[in-house]
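One-based numbering along the sequence shown. No hydrogens, no waters, no symmetry mates; every other heavy atom, side chains included, goes into these values.
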Amino acid sequence: MLRLTELNLPIDHADDALAPAIARRLKLREGELKSFTVFKRSHDARQKRLGLQFVYIVDVDVADEAVTLARLRGDRNVSPTPDMEYRFVTAAPPAGTRRPLVVGFGPCGIFACLVLAQMGFRPIVLERGKAVRERTKDTWDLWRRGVLHPESNVQFGEGGAGTFSDGKLYTQIKDPRYLGRKVLQEFVKAGAPPEILYAARPHIGTFRLASMVEKMRREIERLGGEIRFDQRVTDVLIEGGTLRGVVLASGETIECDQAIFAVGHSARDTFRLLHRRAVYMEAKPFSLGFRIEHPQSLIDRARYGRFAGNPKLGAADYKLVHHAANGRSVYSFCMCPGGTVVAATSESNRVVTNGMSQYSRNERNANAGIVVGITPEVDYPDGPLAGLALQEQLESQAFALGGSTYEAPGQLVGDFLAGRASTGLGGVIPSYKPGVKLGDLGGALPLFAIEAIREALPAFGRQIRGFDMPEAVLTGIETRTSSPVRITRGDDLQSLNVKGLYPGGEGAGYAGGILSAAVDGIRLAEAVARAHSPAG
């Protein structure tokens, strides 16, 4: 197979236009093009007046690869297709070894468990929350009635925090082994639309994610894995720097030699537990800010011009960055086209926001986090858990600003820029449930963050016309952009000072999003498997 990159076609091209375009580009004679598959399709929106184009990367089977490559020698856009096949690192040894544990069943835990099961290791999953269907009902309790279930919500339960998101499946991690391809293929097997295999910025959406997670669970169980819900780990047993087991809230002790801790970025009690047991960890940077909502039609027009509304393009997204005069970086985070802002707290009397979209992305508003980067060296220097404490302080303050009912504090952009409280909505109706209490967000975050965001919004308005429109709505607060700690590990992916403990995913500070967390889960499964092989 040959890989052809930078193949451009108008977005309104005919369905059968790709094959002749490939033949022309590769200078093929009739009959020399045997077949092709699309590896990636993106679009180029830089020249809206001239017309948007799809940009393809295709893998092509031709009659004679050597002759074709020789004919196109020097063309950097034509090369042999890389080997993307996933190969298991080993198989499980004969019975007699203890089954590995996986703590947490979000993207990292799911793929760690799946790959272990595919290799024959029969892992046991300990998930503190509920199965995804029950969890969904509990999550709606908060959104509709203001009733929080601390162990079953947006953060905790089968599927992890990514289940209630846009289901974005793109990442900037280096992936020389194409482990991300393995992830996408498994998602398609579980019911994801096949287009995620080639879309440049693929997404799935919450409803589809829920059913996919169930199918993946059943596959793990078919392969001998065991998933146990409502199983919160309350202690770890460590002897001589080696993990010996875990203790559950029920009082049960499970002995183990290896445990993957894929607990997610909101398992604050687990972070404190591991810190208490002297598992090495350190504070890491994260970001905080607000959610901003605009009419999706405004974003579509700004990004696509006269092509706005074209069904082949779908709802437009954006990515923005501004370096403020006070030295802080402000950027858009987790942009959700045609989505909603959701209540994402996992703790009583605290307010946290996040964004979510369905696969259709057809809600009225676009939303994104507008967040400011912070660092332990400057902003929370008092030890590994200081960032966690800062999150808790700000989320409690947001709960009070929202009226202590799980409503979120909000403000119109025009009022925020002018430094005055908002008293009424304009043309943008906020989507956050249980509701938004308008007021003044000026005291919701540290002053440096407020100053940086006030400077950034007009700058973003110069990049996307209307972004700083006065009636756009800010909803507070966004604090759980990533884990505030890193449970540091070595090259063998084990804790630096506790053998057999494998920290991973977003919670351990080694991923940011569904795809990177899932890839990390595969790597953790491989590390556990290698520890059982004779070579180690």
Side-chain angles (χ1 to χ4, degrees), residues 83-127 176-179 181-183 185-186 189-190 215-229 231 233 236-248 252-263 274 279 487 489-505 508 510 517-536:
D83 183 1
M84 298 181 289
E85 182 180 354
Y86 180 75
R87 296 174 178 85
F88 297 105
V89 297
T90 188
T97 58
R98 287 176 176 163
R99 299 167 70 180
L101 300 184
V102 177
V103 183
F105 203 51
C108 180
I110 288 172
F111 274 87
C113 190
L114 177 65
V115 172
L116 282 169
Q118 289 172 337
M119 289 188 285
F121 281 93
R122 301 173 58 246
I124 299 172
V125 172
L126 303 174
E127 167 54 52
R177 294 176 54 208
Y178 293 92
L179 298 181
R181 190 74 173 175
K182 162 77 168 170
V183 172
Q185 288 170 340
E186 294 292 349
K189 287 182 190 176
K215 290 180 181 177
M216 297 182 79
R217 182 220 310 163
R218 289 195 289 268
E219 176 64 9
I220 290 167
E221 292 171 333
R222 186 188 70 80
L223 293 169
E226 178 183 348
I227 291 86
R228 297 174 57 177
F229 296 109
Q231 304 288 310
V233 172
V236 290
L237 306 179
I238 301 171
E239 295 179 5
T242 299
L243 182 69
R244 297 301 185 191
V246 301
V247 180
L248 305 180
E252 179 184 0
T253 295
I254 302 178
E255 295 181 348
C256 67
D257 296 320
Q258 298 164 308
I260 293 171
F261 271 68
V263 297
L274 296 177
V279 176
I487 308 173
R489 65 194 189 192
D491 292 339
D492 59 1
L493 306 194
Q494 297 183 70
S495 161
L496 288 183
N497 66 334
V498 180
K499 184 178 180 181
L501 195 158
Y502 294 77
Y510 288 97
V519 166
D520 200 49
I522 295 174
R523 295 181 64 229
L524 290 163
E526 293 176 340
V528 168
R530 286 192 183 99
H532 285 275
S533 68

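- Atom CZ of residue R177 and atom OH of residue Y86 lie 6.0 Å apart, to the nearest 0.5 angstrom.
- No more than 12 heavy atoms of other residues, nucleotides or ligands shown are found within 6.0 angstrom of CD on E255.
- At least one side-chain heavy atom of V233 sits under 4.5 Å from a side-chain heavy atom of L248.
- Evaluation of the side-chain hydrogen bond (donor to acceptor under 3.5 Å, both in side chains) test over residues 102-111, restricted to residues two or more places apart or in two chains, returns none.
- Within the 4.5 Å cutoff, the side chain of F261 has no heavy atoms near those of the I487 side chain.
- Among all heavy-atom pairs drawn from R122 and G224, the shortest one is CB-O, 3.4 Å.
- For CZ of R523, the number of neighbouring non-hydrogen atoms (other residues, nucleotides, ligands) closer than 6.0 Å is 12 at most.
- Take K215 and apply the salt bridge (Lys or Arg N to Asp or Glu O under 4.0 Å) test, not counting sequence neighbours, and it matches no residue.
- For the side-chain contact (heavy atoms from CB on, under 4.5 Å) test, residues two or more places apart in sequence or in another chain that qualify with E219 are L114, R222, L223.
- Within the structure, side-chain hydrogen bond (donor to acceptor under 3.5 Å, both in side chains) contacts touching residues 103-117 (residues at least two apart or in different chains) do not occur.
- The side-chain heavy atoms of E186 and Q118, taken from C-beta on, include a pair separated by under 4.5 Å.
- When every heavy atom of C108 is checked against every heavy atom of L524, the shortest pair comes out as SG-CD1, 3.7 Å.
- Pairing each heavy atom of A92 with each of F121, the nearest pair is CA-CZ, 3.6 Å.
- At least one side-chain heavy atom of R228 sits under 4.5 Å from a side-chain heavy atom of E252.
- A distance of 4.5 Å separates CG in L126 from CD1 in I254, rounded to the nearest 0.5 Å.
- Here CG of L243 is found 4.5 Å from SG of C256. Values are rounded to the nearest 0.5 Å.
- Residues F229 and R217 have side chains in contact (heavy-atom distance under 4.5 Å, counting atoms from C-beta outward).
- Side-chain atoms of Y510 and L493, non-hydrogen and from C-beta on, never get closer than 4.5 Å to each other.
- Contact between G109 and A262 at its shortest, heavy atoms only, is N-CB, 3.7 Å.
- The side-chain contact (heavy atoms from CB on, under 4.5 Å) test applied to R244 returns L237, E239, T242, not counting sequence neighbours.
- In terms of the side-chain contact (heavy atoms from CB on, under 4.5 Å) criterion, residue partners of D83 (sequence neighbours excluded) are, by chain and number, E85, R87.
- How far CD1 of I110 is from CD1 of I220: 6.5 Å, rounded to the nearest 0.5 Å.
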Yes or no on side-chain contact (heavy atoms from CB on, under 4.5 Å) for L274 and L501, after CA distance, side-chain angles and deciding distance? CA-CA 11 Å; L274 296 177; L501 195 158; 4.3 Å; yes
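- If you take NE2 on H532 and CE on M119, they are separated by 9.5 Å, rounding to the nearest 0.5 Å.
- The closest side-chain heavy-atom distance from L116 to I260 is below 4.5 Å.
- Atom CZ in F105 sits 13.5 Å away from atom CD in Q231 (nearest 0.5 Å).
- Judged by distance alone, with hydrogens and angles left aside, the side-chain atoms of R98 form no donor-acceptor pair with the main-chain N or O of D257 at under 3.5 Å.
- Between A531 and Q258 the shortest heavy-atom distance is CB-NE2, 3.2 Å.
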